[in-house]
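Have a look at the structure below, then the notes.
Positions are given from 1, in the same order as the sequence printed here.
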Amino acid sequence: MTTAYDFSFDAIDGKPLPLKQFSGRPVLVVNVASKCGLTPQYQGLVQLYHDLKERGLVVLGVPSNQFMGQEPGTNEEIATFCSTTFGVDFPLTAKTDVKGDTAHPFYRWMLGELGAPADPQWNFHKLLIDKDGKAVRAFGPQTEPLSSEVRQAIEGAL
């Protein structure tokens, strides 16, 4: 049976980022963008990560330029923006396609597992996998990272 741990991204620094390194920990995967009206959600993602990383939560940011070109920078520019503007210290992938025919295999797998709710319609779409690498839940872009809905789902996965 396929799990999220069967997939690997490229990290923002170009190194391999296999999801299996997070085995035993729930992961909130979020497609992010630097020039979006929802970009301030980075603050909530950082807070969520800091609140729950000691209990095992991983937040994984996946920069994508598929929504109105709102992530135009290079991987280096994105990394600098995230760390200097929002203090992002959770892992980030290299810029990645998250929907359509060019979507990363992880996103195609999540779509197969959860159906339409797992298909990103905009930046800051959130996908939760549990500590066994199973697809748990998808949250739309308007759902704030610190919302009770997201926190309850993460608590269930911890």
Side-chain angles (χ1 to χ4, degrees), residues 1-33 36 38-64 66 71 75 78-79 82-83 86-100 102-158:
M1 180 173 109
T2 301
T3 71
Y5 301 138
D6 295 316
F7 300 97
S8 184
F9 286 88
D10 291 330
I12 199 148
D13 63 6
K15 295 178 181 149
L17 183 66
L19 293 182
K20 70 181 173 207
Q21 73 182 335
F22 304 127
S23 182
R25 301 167 73 188
V27 183
L28 186 67
V29 182
V30 186
N31 62 291
V32 295
C36 176
L38 299 176
T39 301
Q41 282 194 23
Y42 267 125
Q43 292 170 308
L45 292 170
V46 168
Q47 183 67 52
L48 191 65
Y49 178 60
H50 285 204
D51 288 352
L52 297 172
K53 69 181 176 181
E54 295 300 319
R55 294 179 54 204
L57 178 69
V58 175
V59 173
L60 178 62
V62 182
S64 181
Q66 285 190 288
E71 189 63 280
N75 287 328
I78 294 165
C82 289
S83 65
F86 293 103
V88 170
D89 56 352
F90 52 76
L92 294 168
T93 72
K95 202 163 15 174
T96 302
D97 282 354
V98 299
K99 81 182 273 98
T102 58
H104 186 280
F106 168 81
Y107 277 87
R108 292 199 301 266
W109 173 76
M110 287 294 287
L111 185 58
E113 293 292 300
L114 298 177
D119 190 24
Q121 300 303 307
W122 197 247
N123 304 307
F124 292 88
H125 186 264
K126 299 153 198 77
L127 299 170
L128 181 62
I129 59 173
D130 71 12
K131 51 189 167 189
D132 298 319
K134 294 185 182 88
V136 175
R137 182 106 187 257
F139 302 93
Q142 299 295 336
T143 304
E144 291 286 335
L146 297 175
S147 71
S148 60
E149 191 180 358
V150 171
R151 280 195 177 263
Q152 285 172 358
I154 291 169
E155 286 290 338
L158 288 168

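Nearest approach of Tyr5 to Lys20, heavy atoms of both residues: O-CB, 3.6 Å. Ala153 and Phe139 make their closest contact through CB-CZ, 3.5 Å (heavy atoms, listed as atom of the first residue, atom of the second, distance). Of all heavy-atom pairs between Thr143 and Lys126, the closest is O-NZ, 2.8 Å. In plain terms, the two heavy atoms of Leu127 and Ala138 that are nearest each other are CD2-CB, 3.7 Å. Residues Ala157 and Leu128 approach most closely at CB-CD2, 4.3 Å, considering heavy atoms.
Contact annotation: the side chain of Cys36 approaches that of Trp122 to within less than 4.5 Å [non-hydrogen atoms, C-beta and beyond]. Counting heavy atoms from C-beta on, the side chains of Pro145 and Gln47 never come closer than 4.5 Å. Taking the side chain as every heavy atom from C-beta outward, Leu158 and Pro26 approach each other to under 4.5 Å. Side-chain contact check for Gln41 versus Val32: every heavy-atom pair is 4.5 Å or farther apart.
Listed by chain and number, the residues in a side-chain contact (heavy atoms from CB on, under 4.5 Å) with Thr2 are Asp6, Phe7, Trp109 (sequence neighbours excluded). Partners of Leu17 under the side-chain contact (heavy atoms from CB on, under 4.5 Å) rule, at least two apart in sequence or in another chain, are Phe9, Ala11, Gln21, Phe22, Leu60, Thr93.
When atom types are taken as modelled, the side chain of Arg25 and the backbone of Gly56 share a donor-acceptor pair closer than 3.5 angstrom. Here the side chain of Glu71 pairs no donor or acceptor atom with the backbone of Val62 at under 3.5 angstrom. A donor-acceptor distance shorter than 3.5 angstrom exists from the side chain of Asn31 to the backbone of His125, with no hydrogens or angles considered. Of the possible donor and acceptor atoms, one in the side chain of Gln66 sits under 3.5 Å from a partner among the backbone N and O of Val98. Judged by distance alone, with hydrogens and angles left aside, the side-chain atoms of Asn75 form a donor-acceptor pair with the main-chain N or O of Lys95 at under 3.5 Å. Remark: the backbone N or O of Thr96 is paired with a side-chain donor or acceptor of Ser64 at under 3.5 angstrom.
Classification of Arg151 and Glu144 as a salt-bridged pair fails, no side-chain N sitting under 4.0 Å from a carboxylate O.
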Please walk me through it: do Thr3 and Asp132 pass side-chain contact (heavy atoms from CB on, under 4.5 Å)? CA-CA 8 Å; Thr3 71; Asp132 298 319; over 6 Å; no
For side-chain contact (heavy atoms from CB on, under 4.5 Å), just list the numbers for Lys99 and Gln121, CA-CA rounded to whole Å, side-chain angles, deciding distance to a tenth of an Å, and then say yes or no. CA-CA 8 Å; Lys99 81 182 273 98; Gln121 300 303 307; 3.6 Å; yes
Should Leu57 and Val59 be marked as a side-chain contact (heavy atoms from CB on, under 4.5 Å) after you check the CA-CA gap, both sets of side-chain angles, and the distance that decides it? CA-CA 7 Å; Leu57 178 69; Val59 173; 4.1 Å; yes
Using side-chain contact (heavy atoms from CB on, under 4.5 Å), reason through Thr39 and Phe124 one step at a time and then give a plain yes or no. CA-CA 8 Å; Thr39 301; Phe124 292 88; 4.2 Å; yes
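Atom CD of Gln142 is surrounded by 12 or fewer heavy atoms from other residues, nucleotides or ligands within 6.0 Å. Few gaps surround NZ on Lys53; more than 12 heavy atoms of other groups in view lie less than 6.0 Å from it.
The structure places CD1 of Ile12 at 13.0 Å from NZ of Lys15, a figure rounded to the nearest 0.5 Å.
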